[in-house]
Amino acid sequence: MPELPEVESARSVIDRGGLHRTIIGVDDSDTWECRPHLPGEIRDALVGHRLTAAHRRGKSIWCDVGGDGSPTLGIHLGMSGRILVSGPGGTAEGGDYQGTGRRADPARRREEWFRFTLEFEDGGALRLLDPRRLGRVRLDPDVDALGPDAAEVGREEFRERVGRGRLPVKARLLDQSSIAGVGNLLADEVLWRARLDPRRPAGELSVEELDGLRRQVRAAVRSAIRHGGVHTLEVVAHRGPSGHCPRCGAEMRRATVGGRTTWFCPREQV
DNA sequence: ACACGTGTTATGCG
DNA sequence: TCGCATAACACGTG
């Protein structure tokens with residue numbers, strides 16, 4: 001289930017393999033995945049055209065489509081979405097979150113889990129694999145409602161957008177309209193790195209604490225992109241009932257913050 | 001059988 | 001209208 005780093009890998013797969021190939025067919029028959037569109041609407045907007053660019057902000061992807069007045073094609077992977085692009089050069093895949101072992105497992109690619117397909121003139125295809133069906137494909141998605149990308153957000157902007165309100169700082173990080181791209185695991189990781197209690201009201205953090213948090217957000221995102229996803233991050237591997245803090249060895253504690261399961265080090269995160 | 005989940009969104013309340 | 005909390009969404013997994 002993708003967070004920003006996995007979504008970036010999916011965007012990259014489209015960018016490297018899915019552009020400038022003429023679309024001759026679209027399977028948009030899954031009315032849940034393609035809501036609120038009716039079957040055929042997305043197809044009619046895309047057939048005969050090509051994707052010309054793949055963009056990302058936070059966890060949202062959108063592709064430019066060639067042709068005057070063409071809408072953009074929005075893709076959100078939800079919690080279980082992955083993108084597969086096939087063509088003359090083989091198949092590339094992005095958006096995976098569990099690591100290469102699971103990526104290769106054919107049992108995780110049942111045909112009925114493919115919820116959306118673009119067929120290209122050259123015989124290849126771009127497909128969205130989404131077992132849980134919480135992803136979404138739509139035309140002209142509204143990405144302006146998202147906050148600045150978590151990997152790009154500036155210091156001043158971070159202070160203003162994250163360091164406000166009574167909401168627990170973890171819940172604020174998860175709010176995509178404040179900053180975009182941080183999910184549950186990444187939030188636990190960056191708060192652990194910054195040694196901040198996830199339950200602290202965001203507006204009570206000092207400027208120094210906010211700057212430190214931003215630094216860890218950027219560092220963790222970069223690390224996860226480079227190493228293959230959020231599951232490669234240090235503290236993510238220590239989630240669970242028997243997990244211990246990789247720094248001090250204290251038993252990690254479980255809580256619910258912002259409606260999500262949260263693990264943190266009760267000794268260091270204050 | 002049953003609880004849980006790496007994400008979003010509609011709804012309701014003060 | 002805003003800030004926030006909660007349930008709901010659909011479906012696989014342990």
Side-chain angles (χ1 to χ4, degrees), chain A residues 1-10 30-36 56-61 74-82 94-99 101-103 105-116 128-138 141-143 145-147 150 161-192 198-199 201-204 220-221 224-225 227-243 254-263:
Chain A
M1 302 150 191
E3 301 192 30
L4 189 158
E6 288 79 8
V7 177
E8 173 55 26
S9 96
D30 188 318
T31 55
W32 176 255
E33 204 85 358
C34 297
R35 67 193 182 284
R56 180 192 59 76
R57 183 155 165 192
K59 305 170 198 171
S60 291
I61 294 171
I75 300 172
H76 199 293
L77 301 178
M79 289 218 278
S80 63
R82 286 186 264 170
D96 179 43
Y97 63 101
Q98 296 266 7
R102 298 227 178 171
R103 184 184 303 223
D105 186 351
R108 291 176 184 278
R109 292 193 190 174
R110 287 160 51 173
E111 196 54 39
E112 61 266 33
W113 294 345
F114 285 98
R115 313 294 184 181
F116 180 81
L128 170 62
L129 177 68
D130 182 16
R132 282 185 61 185
R133 232 173 160 206
L134 289 169
R136 195 161 179 185
V137 177
R138 64 176 309 175
D142 177 21
V143 291
L146 296 171
R161 291 179 158 271
V162 176
R164 63 185 170 85
R166 296 289 308 168
L167 208 60
V169 58
K170 174 170 176 180
R172 177 63 67 208
L173 287 172
L174 294 175
D175 172 14
Q176 303 299 301
S177 67
S178 293
I179 62 166
V182 178
N184 197 34
L185 297 182
L186 200 49
D188 280 1
E189 174 77 19
V190 300
L191 289 164
W192 174 78
R199 303 164 297 181
E204 293 181 9
V221 165
I225 288 175
H227 294 108
V230 292
H231 63 282
T232 64
L233 294 173
E234 193 170 6
V235 87
V236 171
H238 295 262
R239 288 174 73 87
S242 58
R254 180 196 158 110
T256 298
V257 181
R260 317 293 301 193
T261 296
T262 299
W263 291 93

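This structure is a prediction, so every number in the text was calculated from the model and none was measured. As a basis for the values below, the full set of heavy atoms in this structure was taken, side chains included, without hydrogen atoms, waters or symmetry mates. Residue numbering restarts at 1 for every chain, and letters A, B, ... go by the order of the sequence lines.
Dashed line: the shortest gap from a side-chain N or O of A/Q176 to OP1 or OP2 of B/dG7 is not under 4.0 Å. Here A/H76 does not reach the OP1 or OP2 of B/dG7: none of its side-chain N or O atoms lies under 4.0 Å away.
Contact of the A/D188 side chain with the A/R239 side chain is registered, since non-hydrogen atoms from C-beta on lie closer than 4.5 Å.
Within 4.0 Å of A/R138, counting heavy atoms only, lies no atom of the nucleic acid at all.
Put simply, CD on A/E111 is 14 Å from P on C/dG12, counting in whole angstrom units. Between the CG atom of A/L146 and the C1' atom of B/dT8 there is a distance of 11 Å, given to the nearest Å. Spacing between atom CG of A/L174 and atom C1' of C/dG3 amounts to 16 Å, rounded to whole angstrom units.
For the pair A/Q176 (side chain) and A/L174 (backbone), a donor-acceptor distance under 3.5 Å is present. Side chain of A/R260 to backbone of A/T262: no donor-acceptor contact under 3.5 angstrom is found. Within the 3.5 Å criterion, the main-chain N or O of A/A180 finds no donor-acceptor partner in the side chain of A/R57. Between the side chain of A/R161 and the backbone N or O of A/S177, at least one donor-acceptor pair lies under 3.5 Å. With A/E6 contributing its side chain and A/E3 its backbone, the two residues share a donor-acceptor pair below 3.5 Å.
Ion pair A/R133/A/D130 not flagged as a salt bridge, since none of the NZ, NE, NH1 or NH2 atoms sits closer than 4.0 Å to an Asp/Glu carboxylate oxygen.
With rounding to the nearest 0.5 angstrom, the CD1 atom of A/I61 is 5.0 Å from the CG atom of A/L77. Rounding to the nearest 0.5 angstrom, the gap separating the CG atom in A/L129 from the OG atom in A/S80 is 7.5 Å. Taken from CH2 in A/W263 to CZ in A/R254, the straight-line distance is 6.0 Å, to the nearest 0.5 Å.
Between C/dA10 and B/dT11, the distance separating the two P atoms is 14 Å to the nearest Å.
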Using a 4.0 Å cut-off on protein heavy atoms (strictly under), produce a 5'-to-3' string for nucleotides 4-11 of chain C with B for base contact, S for backbone-only sugar-phosphate contact, and - for none. SS---BBB
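Of the residues in residues 235-242 of chain A, not one places a heavy atom less than 4.0 Å from an atom of DNA chain C.
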With side chain to side chain donor-acceptor pair (under 3.5 Å) as the test, would you mind laying out the steps for A/S178 and A/R164 before giving the verdict? CA-CA 10 Å; A/S178 293; A/R164 63 185 170 85; 3.2 Å; yes
For DNA chain C, the dot-bracket pattern of Watson-Crick and G-U pairs whose distances stay under 3.5 Å, | for other-strand partners: .||||||||.||||
